[in-house]
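Structure first, commentary second.
Lettering follows sequence order; numbering is per chain, from 1.
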Protein chains: 2
Amino acid sequence: MKEEYRKLSKYTGGIYRCTQAYMSDILKPYGLSSASCPYLLALYHEDGVNQNQLSKELSVDKAMSARELKKLMDQGYVKKEVDKKDIRAYKLYLTEEGKSLVPDIRKEMINWNRTITRGLDEEEKDELMRMLDVVLIKAKQIRNLKKDEE
Amino acid sequence: MKEEYRKLSKYTGGIYRCTQAYMSDILKPYGLSSASCPYLLALYHEDGVNQNQLSKELSVDKAMSARELKKLMDQGYVKKEVDKKDIRAYKLYLTEEGKSLVPDIRKEMINWNRTITRGLDEEEKDELMRMLDVVLIKAKQIRNLKKDEE
DNA sequence: TAAATATAGTTGACTTATCAACCATATTGG
DNA sequence: CCAATATGGTTGATAAGTCAACTATATTTA
């Protein structure tokens, strides 16, 4: 990786921040923020998970999830159910209203991703995703390892 | 990109956040934050730039740069000089103290990047960086375009 | 050259995100 | 079984980052 000592985080951070800025504009008319969007998209595909699982899936702190999910519940897009097998935990679901929002948001997200990856062919995009997946898994592993040391 | 509609920002965001968390621990003994680190590394390579140029290079808002650079100046790691050709602007430099910090930080950053990219061979890493570069350039373009519309 | 516009930097209000401490319940191992 | 430990969720404090409004100087153009 030669001189690329700082670039990985420059790239990931930069792309992420541009994405947030863009989506934040797109989501404003829906009364949604760029931070709440990942929750809607994730719950659309995986019902009934709890906040910790969701936080890990999205690589964010569970405190963040607690607050964002509270907003989404207040807006009526997400509902919680106590998990009968573990009364500390909630099972999370989209409401009908929440579900109806997702297709549009998803389209916008696809559109943005397609736009910023013009310049790569389909095969390269697949490669990029595969490699980012490898890197993210590793990065999360180390982060969790560090937490266990404490 | 099939079903990958949300994943690019999941990956970039996730990798970025893990990196921040890791570097934040590493930098604590130096009295530095993960947010100030990019400035030290960037200035080590490119002296005499101004805050706007630096902000663009790092894909952050200039307000962020103003505040982080102020901290670094208070700590004695960065100094400003009024640009004689444009008295609105400052030219930014690392102090000797600032310069002496960089090699260690850089080593840590390289080490982290090497660790999270284990699983990719050298050729793949180069490919990854090249593709992320293409994507970031595009993402920044659109972001700037949007600003001009306003 | 004067007016219009653009650019550099700062600040206040706000969003996004983390960490640490905490409560309550679950799980594990003596 | 029960003590120790782990896990799910919440909250307060704080860091990271954006946006919009502003001041001051530069640049463009009519």
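- Using modelled atom types and a 3.5 Å distance limit, the side chains of B/Tyr16 and A/Ser9 yield no donor-acceptor pair.
- Among the atoms of the strands shown, only primed sugar atoms or phosphate atoms (P, OP1, OP2) are found under 4.0 Å from some heavy atom of A/Lys80.
- Closest contact between the side chain of A/Asp86 and the listed nucleotides C/dA26, C/dT10, D/dA26 involves C/dA26.
- Among the heavy atoms of the strands, none lies under 4.0 Å from B/Ser36.
- Put simply, B/Ser24 has no side-chain N or O that comes within less than 4.0 Å of OP1 or OP2 on C/dT18.
- Put simply, CG on B/Leu54 is 18 Å from P on C/dT7, counting in whole angstrom units.
- Between A/Lys28 and A/Ala89, the residue anchored closer to the 5' end of DNA chain D is A/Ala89, taking for each the nucleotide with the nearest heavy atom.
- Here C/dT10 presents its P atom at 13 Å from CD of B/Glu68, a figure rounded to the nearest Å.
- Comparing B/Met64 and B/Ala21, the nucleotide of DNA chain C nearest to each residue sits closer to the 5' end for B/Met64.
- Listed for the B/Thr117 side chain is no donor-acceptor partner under 3.5 Å among the backbone atoms of B/Leu120.
- Side-chain N/O atoms of B/Ser33 include one lying less than 4.0 angstrom from OP1 or OP2 on D/dA16.
- Listed pair A/Gln53 / D/dG8 fails the phosphate criterion, with no side-chain N or O lying under 4.0 Å from OP1 or OP2.
- At whole-Å resolution of the value, CG in B/Leu69 and P in C/dA8 are 15 Å apart.
- Across all strands, B/Ala63 comes closer than 4.0 Å to base atoms (heavy-atom distances).
- In this structure, A/Arg17 does not reach the D/dC19 phosphate: none of its side-chain N or O atoms is under 4.0 Å from OP1 or OP2.
- Proximity of A/Arg88 to the phosphate of C/dA24: no side-chain N or O atom is located under 4.0 Å from OP1 or OP2.
- The side chain of B/Ser34 contributes no N or O atom lying less than 4.0 Å from OP1 or OP2 of D/dA15.
- Judged purely by distance below 3.5 Å, without hydrogens or angles, the side chains of A/Ser34 and A/Ser24 never pair a donor atom with an acceptor atom.
- For B/Thr12 and A/Thr12, the side-chain atoms include no donor-acceptor pair closer than 3.5 Å.
- A straight line from OH of A/Tyr16 to P of C/dT16 spans 9 Å, rounded to a whole angstrom.
- For A/Lys85 and C/dT27, the shortest distance from a side-chain N or O to OP1 or OP2 is not below 4.0 Å.
- With rounding to whole Å, A/Asp83 atom CG is found 13 Å from D/dT7 atom C1'.
- For the OP1/OP2 pair of C/dT16 and a distance below 4.0 Å, the side-chain nitrogens and oxygens of A/Tyr39 include no atom meeting the criterion.
- Proximity of B/Gln20 to the phosphate of D/dA15: no side-chain N or O atom is located under 4.0 Å from OP1 or OP2.
- A close approach under 4.0 Å does not occur between any side-chain nitrogen or oxygen of B/Lys62 and OP1 or OP2 of D/dC22.
- Contact check, B/Arg67 against D/dG17: no side-chain N or O comes under 4.0 Å of OP1 or OP2.
- Between the NZ atom of A/Lys91 and the C1' atom of D/dT7 there is a distance of 17 Å, rounded to whole Å.
- Between B/Tyr22 and C/dT18 there is no side-chain N or O to OP1 or OP2 distance below 4.0 Å.
- Checking C/dT10, D/dG8, D/dT10 against every side-chain atom of A/Asn50, the shortest atom distance belongs to D/dG8.
- The two residues B/Leu58 and B/Ala42 make their nearest non-hydrogen contact at CD2-CB, 4.3 Å.
- OP1 or OP2 of C/dA8 has at least one side-chain nitrogen or oxygen of B/Asn52 nearer than 4.0 Å.
- Between A/Asp61 atom CG and C/dA20 atom C1' there is a gap of 10 Å when expressed in whole angstrom units.
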Going through the checks in order, is the salt bridge (Lys or Arg N to Asp or Glu O under 4.0 Å) test met by B/Lys85 and B/Asp83? CA-CA 5 Å; B/Lys85 288 170 185 151; B/Asp83 185 344; over 6 Å; no

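- One interatomic measurement links the two molecules: CG of A/Leu72 to C1' of D/dG9, which rounds to 17 Å at whole-angstrom precision.
- No side-chain donor from either of B/Arg106 and B/Tyr44 sits under 3.5 Å from a side-chain acceptor of the other.
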